[in-house]
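Before any comments, here is the structure.
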Amino acid sequence: MKKILTVLSALILTASIASAQVLSKEQMKNTAWTGFGSPIDGDVMYYGFTDTFQARFDRGDFIIEGMLNWSFLANYNDKGDVDNFIFGTSNLNPLSLKYGIRNDKYGAGGNTLSDAAKDAKYNNSANVSNTIQDSYYVNFIWHPAEGFDFGVGTKLNWQVGPAPRYGSWLWESDAHVRQGGFSTTYDDRAGVCAKTSSEASGGYKYHIDRPGSADVVGFVPYANKYAKRALGVRYKAKSNDINFELGAALPNGFNTDDPAVNFGVQIGLPRMITVSAALEGAFDDGSNFYTGATIGADYFILDMYLAADSLFTDADNDQAYGTGAAVTFVIPNTKISVRPELGVNFFEDDNYDFAWYTGGTLEFNIADNIGFNFWGSWAQGSKDKRWDDKTVMGVLYEDSKNWNGGHILNLRPAITFEYSKHTTFAAYADFEKRTAFDGKSRNCWSSGVFMTYIF
């Protein structure tokens with residue numbers, strides 16, 4: 001395990017500089033980005049500039065941490081021309097900007113949506129809304145005794161179990177694939193399906209994305225991140241013989257009339273095996289369950305998981321299940337790391353076909369201070385078998401017999417240059433080919449540069 005982790009820690013810079021995950025240690029970090037691309041069916045657009053500042057301070061028994069995401073973004077009119085630039089806090093990022101700026105009528109670059117897509121209540125803005133990030137986060141954590149944490153915050157990010165997991169940030173492969181497609185009803189930033197940017201209490205109900213509700217559907221929420229926007233408590237014990245974690249959280253949207261509590265547990269034998277389980281929305285009739293295991297050796301790590309959502313409800317055919325595995329290994333006598341993965345989703349409603357995805361990541365060092373990362377993925381969405389009868393939600397469509405679940409191809413190479421101990425640059429290109437359930441293909445690409453400075 002140590003050999004592979006040593007190599008991976010040197011390469012993790014490629015992924016981490018493009019994200020705004022909660023900091024793992026005391027530091028201040030600033031990530032600036034600028035980029036451009038051609039969004040779905042649109043002309044080349046300059047996106048503008050974003051800057052993400054994070055800080056964490058450890059003082060005695062307390063941790064205080066926060067983040068602000070600022071932007072200076074181009075705003076395009078209906079004809080696809082630059083109208084103005086907007087400055088302010090933003091929940092957009094390079095992944096969401098890849099789909100372009102949209103309004104109710106037009107797609108990116110002034111392209112209208114197909115009539116079939118409109119009638120099926122699908123539009124490209126769904127892809128934007130499922131890639132937004134927090135415009136800020138603030139967390140307060142107190143250590144009242146050895147091993148105990150008491151935290152309250154907008155992004156605690158307490159989790160158990162291995163990836164793939166929902167809520168990944170910009171450039172992890174599952175942030176694009178999301179188990180066969182994009183969620184249309186689940187907002188991971190707060191752990192609720194309701195929007196929370198207005199600081200409303202939201203809710204914690206979970207819904208299955210039916211085929212046709214987005215261009216490609218097949219996402220199951222993973223409950224291993226048991227404390228997100230929440231009030232939580234956990235106990236962690238670590239020794240040479242065993243690692244243990246037990247935690248619980250009240251999620252955003254909790255109320256005494258309809259309570260819900262999240263739980264997570266993890267137990268592991270160092271350098272051998274770790275087993276995890278989590279329940280999101282306990283005592284509620286829309287719970288999510290997760291269990292996973294990690295098996296490690298000198299040259300490989302095997303991750304396995306099983307997830308289910310919408311458990312314990314009275315409704316019929318409203319559950320979904322996801323399972324999959326990933327293997328990370330280092331080619332012996334090299335510093336080349338490879339991670340293939342596969343996931344499959346099943347639906348209780350037998351009118352829905354299963355959805356699946358496969359992908360992989362390749363990483364290696366070109367030189368001591370230059371790293372290369374490439375990942376690609378293919379996702380096949382779920383199909384509603386009733387489409388073959390030309391009927392969709394009681395409406396007759398002559399062309400629906402040719403509809404399927406749609407598919408997504410993603411490719412992303414990146415090069416990272418460690419300029420100094422404090423400064424890192426990264427350049428990337430990102431290409432996506434999407435064929436929606438209605439057979440319409442929408443391609444987009446983006447490219448940009450990150451600069452990260454760690455104080």
Side-chain heavy-atom pair V160, Y226 within 4.5 angstrom cut-off: yes
Minimum-distance pair of heavy atoms, taken over all atoms of L73 and S90: CD1-OG, 4.0 Å
F372 vs I370, side chain to side chain contact (heavy atoms under 4.5 Å, CB included): CA-CA, chis, key distance, verdict: CA-CA 7 Å; F372 176 80; I370 301 177; over 6 Å; no
Plane angle bin for W403 and W387 - parallel if under 30°, tilted between 30 and 60°, otherwise perpendicular: perpendicular
Separation of N404 CG from K383 NZ (nearest 0.5 Å): 7.0 Å
Parallel, tilted or perpendicular, as decided by the 30° and 60° cut-offs, for the rings of W33 and Y47: parallel
Closest non-hydrogen atom pair between P162 and A293, with its separation: CG-O, 3.7 Å
Side-chain heavy-atom pair S441, K433 within 4.5 angstrom cut-off: yes
Parallel, tilted or perpendicular: ring planes of F72 versus F85, cut at 30 and 60 degrees: parallel
Presence of salt bridge, D430 and K98, under 4.0 angstrom: yes
Plane angle bin for Y419 and F417 - parallel if under 30°, tilted between 30 and 60°, otherwise perpendicular: perpendicular
Close side-chain approach of V275 and Q266, heavy atoms under 4.5 Å: no
Nearest heavy-atom neighbours spanning L23 and E65: O-OE1, 3.9 Å
V330 vs K335, side chain to side chain contact (heavy atoms under 4.5 Å, CB included): CA-CA, chis, key distance, verdict: CA-CA 7 Å; V330 172; K335 292 185 178 181; over 6 Å; no
W70 and F87 aromatic centres sub-6.0 Å: yes
Step-by-step side chain to side chain contact (heavy atoms under 4.5 Å, CB included) determination, M451 to T424: CA-CA 6 Å; M451 184 187 77; T424 303; over 6 Å; no
Beyond-backbone contact of V22 with L156, side-chain heavy atoms, under 4.5 angstrom: no
Residue pair W158 / R234, side-chain heavy-atom distance below 4.5 Å: yes
NZ/NE/NH1/NH2 to OD/OE distance under 4.0 Å, D303 and R339: yes
Side chain to side chain donor-acceptor pair (under 3.5 Å) evaluation trace for N69 with N91: CA-CA 7 Å; N69 187 42; N91 57 12; over 6 Å; no
T334 side-chain N/O to I336 backbone N/O, donor-acceptor pair under 3.5 Å: yes
Heavy-atom donor-acceptor pair, E432 side chain to L409 backbone, under 3.5 Å: no
Electrostatic pair K440-D438, nearest N-O below 4.0 angstrom: no
Spacing of CG belonging to L68 relative to OH belonging to Y137, to within rounding of 0.5 Å: 10.0 Å
Backbone N/O of T52 and side chain of T31: donor-acceptor pair under 3.5 Å: no
Partners meeting ring pair (Phe, Tyr, Trp, His ring centres under 6.0 Å) with Y46 (sequence neighbours left out): none
Pair D215 + R434: basic N to acidic O under 4.0 Å: yes
E341 vs Y357, side chain to side chain donor-acceptor pair (under 3.5 Å): CA-CA, chis, key distance, verdict: CA-CA 8 Å; E341 60 183 60; Y357 81 95; 2.9 Å; yes
Expected output: side-chain T361 to main-chain P340 donor-acceptor under 3.5 Å: no
Donor-acceptor contact below 3.5 Å, side chain D309 vs main chain A320: yes
Donor-acceptor pair, side chain of S276 and main chain of G161, under 3.5 angstrom: yes
4.5 Å side-chain heavy-atom contact, Y428 and R412: yes
Side chain E348, main chain D318, donor-acceptor under 3.5 Å: yes
Backbone of S377 reached by a side-chain donor or acceptor of N410 within 3.5 Å: no
CZ on R56 to OG on S24, rounded to 0.5 Å: 7.0 Å
Intermediate values then yes/no, side chain to side chain donor-acceptor pair (under 3.5 Å), T274 and T294: CA-CA 5 Å; T274 299; T294 297; 5.8 Å; no
F263, CZ atom: more than 12 neighbouring heavy atoms under 6.0 Å: yes
Inter-residue atom distance S310.OG - F347.CZ, 0.5 Å rounding: 11.0 Å
Interatomic distance, T291 atom OG1 to Y305 atom OH [nearest 0.5 angstrom]: 13.0 Å
Any P39 side-chain heavy atom under 4.5 Å of W445 side chain: no
Distance-only side-chain donor-acceptor flag, N224 / Q159, under 3.5 Å: no
Verdict with supporting geometry, I301 and V327, side chain to side chain contact (heavy atoms under 4.5 Å, CB included): CA-CA 6 Å; I301 298 175; V327 180; over 6 Å; no
Expected output: side-chain N139 to main-chain T154 donor-acceptor under 3.5 Å: yes
Close side-chain approach of N373 to T416, heavy-atom, < 4.5 Å: no
Heavy-atom pair of closest approach, residues F300 and L302: CD1-N, 4.0 Å
Distance, nearest 0.5 Å, that separates CG of N75 from CG of D83: 5.5 Å
Flag, side chain of T34 to backbone of G48, donor-acceptor distance under 3.5 Å: yes
Atom of A230, atom of A227 and distance for their closest heavy-atom approach: CB-CA, 4.3 Å
Contact summary for P251 and A260, nearest pair of heavy atoms: CD-O, 3.2 Å
